[in-house]
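Here the structure comes first, spelled out in structure tokens, and everything after it is commentary.
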Amino acid sequence: MAEESACSVDDTVKRSLDDVNTVLTYAKLDAAELHPHIQTIFFSKSLENDAVKLLELDTDVLCALEAGERVVLRGDKDDTAVLCTKNKTFDLKEAELSNSMLLLENLSYGPDLPDEGPQEIHHLQASKKNNVKSLQVSAVLHKYFELRIIKPRLQKLKHLLDENQYSGQECEEDPQHQGKKYTMDDFLNRVQASEQDITDGLKKLRAFEFKGFWRVLDFDHLSTVLSHVIQLSEEGDWINTGIPLAECIEVLQELFPREVIQHVVSCYAVLQENNESEIYRINEDKVCQFYAEVCLRNAGKFNLQEFLQVWEQSVPLGMKINLSQVEGVALIDRESKPETISFFSVEDLPEEVSERFDYLFDTKKKWTLQEISPYVSDLTTDKLDVGALLTKYARASVQNGVKVFSSRKAAS
């Protein structure tokens, strides 16, 4: 509540016990049934309605504040406001109150009232005890800010990282290839997400910290580095035994910075537990997906059978390809003759739910559950799974005995 001393109330507007008794008489109320602690309210001559804002606190936000953690508003000037704790992101919107809310200082109610037994007001008056407390209303509020937990808005994080992708040390030294680079503090100031969400987003986008700035690798440069790592792995039988990181860096560090080598290895291999020499076991599905992406990125629509042959020939010897490895990366058209496949990455889709579904149905009119799930699973929440999203944003029907989903906006 706003701080304003009750003693500042103008004496000419204070009410006496006689005034209170008169009001009770007009209201036909029995003083014996009322608490003897009397509070009279007056409006200040200068209400500060715009100086005070009400915020409805989510339990997580309240706990964060009570623990002394930072709670911040994030986003650029043109963004709608979001409020962030260390690990949660909330949409912040103004809502109207159904009733006016009066803001005043030192109002006593409930357990705050003095513990006295019922007494009639005229008893107090007879004992010459004036128990009337005068309070001023400092503001009348008709709106408040409500919080709604949301998925983090990380599209801007991707855009910022893409402004200056790492393409090799020679490009770093060429002024024509130098774009703006960003630190974690820059992201915390501009990206509408909690610190934990931003950290998770950087990992999902395969970003790494290099010389104090967060970067993503240009795809062509990534392809070059990974090809050297795979070639070295094939020569040393590391595909079967695991990549010894220190040895890999020692061999390749004349070609690439050690941070880049370590980053690429960690993206496509998993650190083995309980070993002191940092041995990374190659993730076959991720490597196969990468080679599929190499084949598809600039190919447009690719004959599916021809693609499978090219893809199988491109992956390291001994690795097995499977179409499940390209879910969320490639789109297969089973209705075309011959069947085709094309590059279609979930990372390039809108992050707002309705826009995502509009984009998907503009791209393809009907989707099976297996086809569409990889492109909407990142939109799910604890209370909203893929099935619930499809119920809300898509129309289900049966086509050739198979359940498919189409746009709710499409004509019947």
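Just so you know, these numbers come straight off a predicted model, no measurement behind them.
- The pair Asp200-Lys204 does not count as a salt bridge, with every side-chain nitrogen at least 4.0 angstrom from each carboxylate oxygen.
- The pair Asp76-Lys156 meets the salt-bridge criterion, with a side-chain N (NZ, NE, NH1 or NH2) lying under 4.0 Å from an Asp/Glu carboxylate O.
- Here Asp91 pairs with Lys93 in a salt bridge; the nearest charged N to carboxylate O distance falls below 4.0 Å.
- A side chain to side chain contact (heavy atoms under 4.5 Å, CB included) with Phe256 is found for one member of His221, His263, Gln169, Gln262 and no other, namely His221.
- Smallest separation of non-hydrogen atoms from Val229 and Ile243: CG1-CD1, 3.9 Å.
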Test side chain to side chain contact (heavy atoms under 4.5 Å, CB included) applied to Glu195 and Val72, step by step: CA-CA 10 Å; Glu195 184 174 352; Val72 298; over 6 Å; no

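- Within the 3.5 Å criterion, the main-chain N or O of Val140 finds no donor-acceptor partner in the side chain of Ser100.
- The minimum heavy-atom distance linking Val82 with Ile150 is given by the pair CG1-CD1, 4.1 Å.
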Stepwise salt bridge (Lys or Arg N to Asp or Glu O under 4.0 Å) check, Arg334 with Glu339: CA-CA 5 Å; Arg334 299 286 187 182; Glu339 295 177 338; 3.1 Å; yes

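- Using a 4.0 Å cut-off between charged nitrogen and carboxylate oxygen, Lys364 and Glu371 count as a salt-bridge pair.
- Only one option out of Phe344, Phe405, Phe361 pairs with Tyr375 in a ring-ring contact (aromatic ring centres under 6.0 Å, His included); it is Phe344.
- No salt bridge links Asp197 with Arg74; every basic N to acidic carboxylate O contact stays at or beyond 4.0 Å.
- A donor and an acceptor atom, one from each side chain of Tyr182 and Glu163, are located under 3.5 Å apart.
- Under 4.0 Å is where a charged nitrogen must lie from a carboxylate oxygen, and between Lys409 and Asp362 no such pair does.
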Verdict with reasoning, Phe343 to Asn298, per side chain to side chain contact (heavy atoms under 4.5 Å, CB included): CA-CA 8 Å; Phe343 180 70; Asn298 300 313; over 6 Å; no

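- A donor atom on one side chain and an acceptor atom on the other are not found under 3.5 Å apart for Asp185 and Thr183.
- A ring-centre distance under 6.0 Å is found for Phe219 and Phe290.
- In this structure, Gln399 places its CD atom where more than 12 heavy-atom neighbours from other residues, nucleotides or ligands lie under 6.0 Å away.
- The pair Asp348-Lys158 counts as a salt bridge, with a side-chain nitrogen and a carboxylate oxygen less than 4.0 angstrom apart.
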